[in-house]
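In what follows, chains are A, B, ... by sequence order, proteins preceding strands, each numbered from 1.
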There are 2 protein chains.
Amino acid sequence: MSKPAFVRSEPDVRRQSLIAATGRVLARDGATGASVRAIALEAGVSPGLVGHYFAGIDALVAETYAATGQQVRDALAAAVAAADPDPRSRVAAYVTASFAPPIADRGLFATWIAFWSLSGKSQIAAQHDAIYQSYRDDLAALLAECGLAPAERRLAAIAITALVDGLWLELCLLPGAFTPDEARELAARQLDGYFERSANSSR
Amino acid sequence: MSKPAFVRSEPDVRRQSLIAATGRVLARDGATGASVRAIALEAGVSPGLVGHYFAGIDALVAETYAATGQQVRDALAAAVAAADPDPRSRVAAYVTASFAPPIADRGLFATWIAFWSLSGKSQIAAQHDAIYQSYRDDLAALLAECGLAPAERRLAAIAITALVDGLWLELCLLPGAFTPDEARELAARQLDGYFERSANSSR
DNA sequence: GAGCCTATTATACGATCGTCCAACAAGCAA
DNA sequence: TTGCTTGTTGGACGATCGTATAATAGGCTC
């Protein structure tokens, strides 16, 4: 009998498995634990393989940022798709999805903190700009569906994003300070406030 | 001539200088740059002295968290003291002080990210709870001055803190997305919303 | 000035880091 | 089966990490 010492993978498959392993390590151990050796161990390959697929650890983390950011975006989009077709219900679903798994998750929080801590490097900063721009665009589109005046959309999207980010942050950091339901209630109140304002100004 | 190789300091003075040096290193280089050697170099002492005053690097960072958190609290209190004596002006000053130096500052942001990234360690988590509890208490007291109903105070403080944290975060992370003035405007709108709600419910 | 206390220095130690590279072997082509 | 391509391994390398410790010397007391 001859058990192979290793199996070859399609290059793109191996790349994705390394990126996924990096995400798991970041979620479990944070930025300081994401070493080449720990990632290779998590992926079940030898440490040297990381250098074969990525220019360096920074490039790998940057690609993991892009992949994780897209996963979050997909999860938010799924929440919108599962909501009532009413525009107000759709934007409410988008906003409050941040307060339930898989987004309100201690591991995802640790991963996100790791990305922020690397935001000084230009390679990571570029990813960051692209990801957050897509979030703002998604939210702005939902607000447009609700009939929010174009002039109000930009600042409303900024305020809503900030409130949701802040609530998500404290929900992950201090789970005892308030409940996910309370976060949903607060976000819903703010949304109502912006819609009332819009209705008044167009009356 | 005989220049002394080093000068002794009062133990507490030396401790504080090491804590201050740690804060500067964290602001400049983030969590990954805050090594014993880098901190000692910044403080102008030898690396071994750190071990003489602190049980380990984690203890030093925890004390730096406490000191930095108190500095932020003091800066916010100073902004309140400099505002009009009108209660609404005072809470507005407290809220919007986060969007100007020294709080809206890239270095402070890097420092704070470093603390968050260590929030898994119990030593840091305890500091975190204490600091954020004091912030919430300060804000709740200002809201009470404004006559906000006790039943509303808690959730209002949570929402206001979340919005301000979120705006502060994006202001530091993506300075180009919106201006500090716009952040002030958004925070002021939310404050007005909570005061109107309170006035309506008590009418 | 002598002597003591201890703040301070300088260095050693083992562990781990990112990167690099020569050798090996899986899997396809002929 | 033979040979080639290249995905993959495993260890070497120098740098840096946190911690521990013996030696040094500032600064006070007597």
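Checked against side chain to side chain contact (heavy atoms under 4.5 Å, CB included), A:D74 has the following partners two or more places apart in sequence or in another chain: A:Q70. Annotation: side chain to side chain contact (heavy atoms under 4.5 Å, CB included) contacts of B:Q16 (sequence neighbours excluded): B:D12, B:I19. Residues forming a ring pair (Phe, Tyr, Trp, His ring centres under 6.0 Å) with B:F109 (at least two apart in sequence, or on another chain): B:W168. Residues satisfying the side chain to side chain contact (heavy atoms under 4.5 Å, CB included) test with A:L148, not counting sequence neighbours, are A:L143, A:E152, A:R153, A:A156, A:F195, A:S198. Listed by chain and number, the residues in a side chain to side chain donor-acceptor pair (under 3.5 Å) with B:Y53 amount to none (sequence neighbours excluded). Residues passing the side chain to side chain contact (heavy atoms under 4.5 Å, CB included) test with B:P175, sequence neighbours excluded: none.
Over its full length, the helix from C:dG1-D:dC30 to C:dA30-D:dT1 turns its helical axis through 0°, comparing axes from the five pairs at each end and rounding to 10°.
The side chain to side chain donor-acceptor pair (under 3.5 Å) analysis of residues 94-109 of chain A, with sequence neighbours excluded, yields the pairs A:R106-B:S119.
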Would you mind writing out the side-chain donor-acceptor pairs for residues 82-89 of chain A within the sub-3.5 Å range, not counting sequence neighbours?
from: A:D86; atom 1: OD2; to: A:S89; atom 2: N; distance (Å): 3.3
from: A:D86; atom 1: OD2; to: A:S89; atom 2: OG; distance (Å): 3.2

Atom pairs and distances, donor-acceptor, side-chain atoms in residues 26-40 of chain B, under 3.5 Å, two or more places apart:
from: B:R28; atom 1: NH2; to: B:E42; atom 2: OE1; distance (Å): 2.4
from: B:S35; atom 1: OG; to: B:A38; atom 2: N; distance (Å): 3.1

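Under the 30°/60° scheme for interplanar angles, the aromatic rings of A:Y135 and A:Y132 are found to be tilted.
Scanning residues 46-64 of chain A for heavy-atom distances under 4.0 Å to DNA chain D yields A:S46, A:G48, A:L49, A:H52, A:Y53. A heavy atom closer than 4.0 Å to some atom of DNA chain C occurs in B:R14, B:R37, these being the qualifying members of residues 13-42 of chain B.
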